[in-house]
Amino acid sequence: MRPTLTRLSKSLLPSLREAPKDAQLPSHALSLRAGLIRQVGAGLYELLPMGRMVLRRIEAIVREELDAEGAQEILMPGVLPAEYLRESGRWESFGDALCRFKDRKGADLALAPTHEEIVTDIARRELRSYRQLPAMLYQVQTKFRDEPRPRGGLLRGREFIMKDAYSFDVDEAAALQSYERMRKAYTRIFTRLGLDFRIVEADSGAMGGSRSAEFQILAKSGEDKLVTCGACAYAANAEVATSGPVERSAASVSEPVPALRRVATPGVTDMPSAIAALGDGHALDNALKTLVVEHQGEPVAVVVRGDHELNLMKLSGVLGATVTLASREKVQAFVGAPAGSIGPVNFPGRVVVDREAAALAQASCGANETEVHLVNVVFGRDYVGETVDIRMVEAGDPCPRCGAELSEHRGIEGGHIFVLGTHYSKKMSAHFTGERGEELPFVMGCYGIGMTRLIAAIIEQHHDTAGIRWPASVAPFDVVLVPISKRADADEIVAMLSDALRQEGLSVLIDDRNERPGVKFKDAELFGIPLRVTLGDRGLEAGKAEVTARHSGEAASVALADAAAYLKRMHLDLMRGID
RNA sequence: CGGGGUGUAGCACAGCCUGGUAGUGCGCAAGCUUUGGGAGCUUGAAGUCGGGGGUUCGAAUCCCUCCACCCCGACCA
């Protein structure tokens with residue numbers, strides 16, 4: 001492919017001196033300012049030429065790595081007939097995020113939010129024998145999900161471009177091999193994109209996958225909370241993270257623990273004021289925080305240590321169904337006491353206790369009577385319950401694998417890989433003939449990358465106060481030429497140099513606008529093109545060009561005759577730094 | 001869906017409280033000067049003041065209502 005040459009004066013590469021006030025995140029503001037995108041509506045964006053170029057380069061890397069694993073690219077429709085989604089049950093279960101509509105004949109259709117059903121249909125029609133497996137199909141397609149709250153420009157759109165791949169295997173073991181291959185391919189992809197990322201354990205979602213991992217791009221603006229271990233490979237989304245055994249609370253413990261005692265706590269409506277009312281020796285980390293949740297219409301007392309936070313996702317996993325916190329009114333109705341005076345002792349219903357709350361030798365809690373609390377509470381003696389792991393892990397907790405201290409990060413979910421098992425193939429009767437002639441369901445996996453989101457994520461990690469700093473692997477151009485000389489031969493020099501650069505395989509943007517040097521420099525920095533060549537009278541008099549690296553800001557004066565080769569070497573260095 | 005906020009020229013904003021000819025900066029067009037870090041002067045074009053309704057002699061401004069967008073939360077295969 002011939003490297004591109006673009007003249008800024010003839011291009012739709014509009015830069016903005018000020019960002020629209022709606023853009024809060026660096027990536028959002030910069031992608032607007034640098035003319036990558038424009039907003040059409042909530043969560044709907046246009047990609048202008050510069051944005052499209054970056055997406056193209058990301059796509060090229062993704063395709064290269066997937067093709068290398070034998071994946072085959074296809075393209076499925078963006079509109080789905082309802083019947084497919086009805087087969088899997090998702091016509092109903094997808095909820096409001098699914099944009100449904102009717103065609104002229106009154107048939108139900110939906111904008112595709114993802115494509116498991118359609119690709120499963122391809123498999124059941126076209127793949128008949130184990131000899132055709134494993135198979136890996138992928139596409140780069142627009143998805144639409146009517147998100148409750150789009151945000152951050154390309155970070156969370158309602159319409160977005162996703163690379164979704166699907167694997168079909170003969171059994172679980174083979175599916176795991178496909179999964180591992182994709183995990184490695186994704187690792188190469190994210191590395192080549194110049195991203196600082198973590199592969200984390202994640203919630204497999206309602207699809208009941210046997211294994212899944214998220215590729216989380218570290219960024220302050222990330223929507224997900226991650227927990228990682230600095231000493232070993234453990235990393236998990238906070239939704240599912242666990243921690244290792246913790247030292248017993250530091251608070252003093254009497255031996256033996258005296259009998260349970262009731263204490264009136266007039267005016268107390270929450271944990272901190274209860275602790276204050278109980279006085280010395282009582283603290284949040286030796287109190288039992290008891291929350292009431294509704295589970296299948298029944299109240300359940302959920303106990304965590306006072307200084308811990310309940311992880312609703314983990315609790316839902318333990319109870320086996322989605323749970324919601326009961327309102328204050330419902331708590332009063334269920335228990336006969338206000339939310340501030342609830343405890344596990346004699347609780348009228350099921351009790352689940354976080355293992356660290358159960359481990360407290362001597363605790364305090366609500367008495368299930370208005371403004372009365374209990375002290376000297378001991379698990380097993382004064383109350384019982386199922387001991388489970390349901391608390392939110394925090395920075396500083398011990399790693400569940402090696403015991404080292406865990407730290408917290410925020411991340412942008414750039415990719416997610418799953419082993420789906422036979423969930424879709426069974427529901428949709430997608431079978432193949434096995435080695436012994438038996439009929440078997442495909443064991444599937446699915447693998448997504450948020451392509452448009454990656455543009456934002458890359459900018460989140462690669463920018464400074466002046467603008468974007470594209471990794472060389474995805475930059476919209478390799479080199480920007482900034483002619484600011486009035487010499488008669490200036491145009492000729494620019495033409496010769498840009499030809500030489502393209503001979504070296506570098507794409508070139510020429511800022512031939514009739515602008516003052518300052519404007520061109522500022523835009524070159526805003527656009528984030530890795531290498532800038534300034535052609536001014538100063539250098540040209542001596543037959544030299546000035547080369548500036550966007551990443552380091554370092555400048556060098558280079559003879560015009562050597563400039564192309566010099567820039568090629570610099571570019572190779574930049575690419576090496578990433579690969 | 002709950003809470004908060006914003007809608008005035010392409011962008012950023014003032015004007016609204018206290019009703020009386022719609023403004024500023026950047027950008028855009030033209031001219032002259034300028035030319036190594038977002039130039040100066042002159043002239044010009046550009047706005048149904050988010051939509052609808054109401055009050056009033058008169059509404060960007062007051063009232064009602066709808067809509068859009070942003071932020072926090074809930075939600076997120």
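Quantities reported herein were computed from a predicted structural model and do not represent experimental measurements. When reading the values below, keep in mind they use all heavy atoms of this one structure, side chains included, and skip hydrogens, waters and symmetry mates. Throughout, a chain's letter reflects where its sequence line sits, starting with A, and its residues are numbered from 1.
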Under 4.0 Å, heavy atoms only, any strand: does Met162(A) hit a base, just the sugar-phosphate, or nothing? base

Paired with C69(B) by Watson-Crick or G-U wobble geometry, both distances under 3.5 Å: which nucleotide is it? G5(B)

In terms of the nearest nucleotide of RNA chain B, which residue is placed more toward the 5' end: Ala42(A) or Phe521(A)? Phe521(A)

Would you mind telling me which residue lines up with the more 5' stretch of RNA chain B, Asp22(A) or Gly536(A), judged by nearest nucleotide? Gly536(A)

So what's A77(B) paired with, Watson-Crick or G-U wobble, going by both distances under 3.5 Å? none

For Met444(A) and A77(B), give me the distance from atom CE to atom P, rounded to whole Å. 17 Å

Of the listed nucleotides G37(B), G73(B), A12(B), the one nearest the side chain of Arg151(A): G73(B)

Please measure how far the P atom in G5(B) lies from the corresponding atom in G10(B), and state the result in whole Å. 27 Å

Please tell me which of the listed nucleotides, C26(B), A12(B), C71(B), lies nearest to the side chain of Arg17(A)? C26(B)

Between G51(B) and A60(B), how many Å separate the two C1' atoms, rounded to a whole number? 14 Å

With respect to the side chain of Pro517(A), which nucleotide from C13(B), U35(B), A77(B) is positioned closest? U35(B)

Given the structure, check if the side chain of Glu546(A) and the base of G36(B) hold any donor-acceptor pair shorter than 3.5 Å. yes

With a 3.5 Å cut-off and no angle check, do the side chains of Glu546(A) and Ser557(A) form a donor-acceptor pair? no

Any donor-acceptor pair, under 3.5 Å, between the side chain of Arg156(A) and the base of C76(B), if you only look at N and O atoms? yes

Gly153(A) near the nucleic acid: base, sugar-phosphate alone, or nothing, with a heavy-atom cut-off under 4.0 Å? nothing

Under-3.5 Å donor-acceptor pair between Glu18(A) side chain and G25(B) base: yes

Of the nucleotides G38(B), G36(B), C70(B), which has the atom closest to the Arg538(A) side chain? G36(B)

Give the rounded distance in Å between these two atoms: CD of Gln141(A) and C1' of A77(B). 16 Å

Integer angstrom distance from the C1' of G3(B) to that of C64(B): 23 Å

pair His423(A)-Met444(A): side-chain heavy atoms closer than 4.5 Å: no

In whole Å, I'd like the distance from the CG atom of Asp511(A) to the C1' atom of G37(B). 13 Å

Taking the side chain of Arg145(A) as its heavy atoms from C-beta onward, which of A77(B), A74(B), C70(B) lies nearest to it? A77(B)

Specify whether Tyr186(A) and Tyr447(A) have parallel, tilted or perpendicular ring planes, treating 30° as the upper limit for parallel and 60° as the lower limit for perpendicular. perpendicular

Proximity to the side chain of Pro20(A) - top-ranked nucleotide from A77(B), A12(B), A39(B): A12(B)

What is the nucleic acid contact for Arg158(A), judged by heavy atoms within less than 4.0 Å: base, sugar-phosphate only, or nothing? nothing

Taking the side chain as every heavy atom from C-beta outward, state whether Ile161(A) and Leu55(A) have any pair of such atoms under 4.5 Å apart. yes

Nearest-Å distance, CG (Leu526(A)) to P (G38(B))? 15 Å

When you compare G27(B) with C11(B), how far apart are their P atoms, in angstrom units rounded to a whole number? 15 Å

Between the side chains of Glu525(A) and Arg532(A), is the shortest nitrogen-to-carboxylate-oxygen separation below 4.0 Å, so that they form an ion pair? yes

I'd like to know if the side chain of Glu214(A) pairs up with that of Asn237(A) as donor and acceptor (distance under 3.5 Å, no hydrogens or angles considered). yes

Ion pair Glu116(A)/Arg90(A), N-O distance below 4.0 Å: yes

So Asp96(A), base contact, sugar-phosphate only, or nothing? Heavy-atom distance under 4.0 Å. nothing

For a quick check, tell me whether the side chain of Arg532(A) and the base of G37(B) share a donor-acceptor pair closer than 3.5 Å. yes

Rounded distance in Å - CD (Glu515(A)) to P (G40(B)): 13 Å

Ionic contact status for Arg7(A) with Asp511(A), cut-off 4.0 Å: no

Rounded to whole Å, please give me the gap between CZ in Arg38(A) and P in C69(B). 18 Å

With a 4.0 Å cut-off on heavy atoms, is Lys520(A) in touch with a base, just the backbone sugar-phosphate, or nothing at all? nothing

Nucleotide opposite A46(B) in a Watson-Crick or G-U pair, distances under 3.5 Å: none

I want to check one thing: is the phosphate of C70(B), taken as OP1 and OP2, less than 4.0 Å away from some side-chain N or O of Gln39(A)? yes

Considering Watson-Crick and G-U wobble pairs with both distances under 3.5 Å, what does A39(B) pair with? U33(B)

Heavy atoms under 4.0 Å, any strand shown: does Ile484(A) hit a base, just sugar-phosphate, or nothing? base

Compare the minimum distances between each of A39(B), C13(B), C69(B) and the side chain of Val519(A), then state the nucleotide with the smallest one. A39(B)

Is Arg100(A) positioned over the aromatic face of Trp91(A), cation under 6.0 angstrom from the ring centre and no more than 45 degrees off axis? yes

If you measure from the P atom in G50(B) to the same atom in A12(B), how many Å do you get, rounded? 14 Å

Given G38(B), A12(B), C69(B), the nucleotide with the shortest approach to the side chain of Lys522(A): G38(B)

With C1' as the reference atom in both, quote the distance from C16(B) to G20(B) in angstrom, rounded to an integer. 14 Å

Determine the contact category for Ala23(A): base if any of its heavy atoms lies under 4.0 Å from a base atom, sugar-phosphate if only primed atoms, P, OP1 or OP2 are that close, otherwise nothing. nothing

Roughly how many Å is it from NZ in Lys225(A) to C1' in C75(B), rounded to a whole number? 18 Å

Separation between the C1' atoms of U65(B) and A29(B), rounded to whole Å: 41 Å

In the structure shown, which nucleotide is the Watson-Crick or G-U wobble counterpart of G19(B), with both distances under 3.5 Å? none

Would you measure the distance from the P atom in C71(B) across to the matching atom in C28(B) and give it in whole Å? 29 Å

Counting only side-chain N and O atoms of Arg149(A), is one of them less than 4.0 Å from OP1 or OP2 of C72(B)? yes

Complementary nucleotide for G10(B) - Watson-Crick or wobble, under 3.5 Å: C26(B)

Just the rounded figure in Å: distance from P of A77(B) to CG of Asp224(A). 11 Å

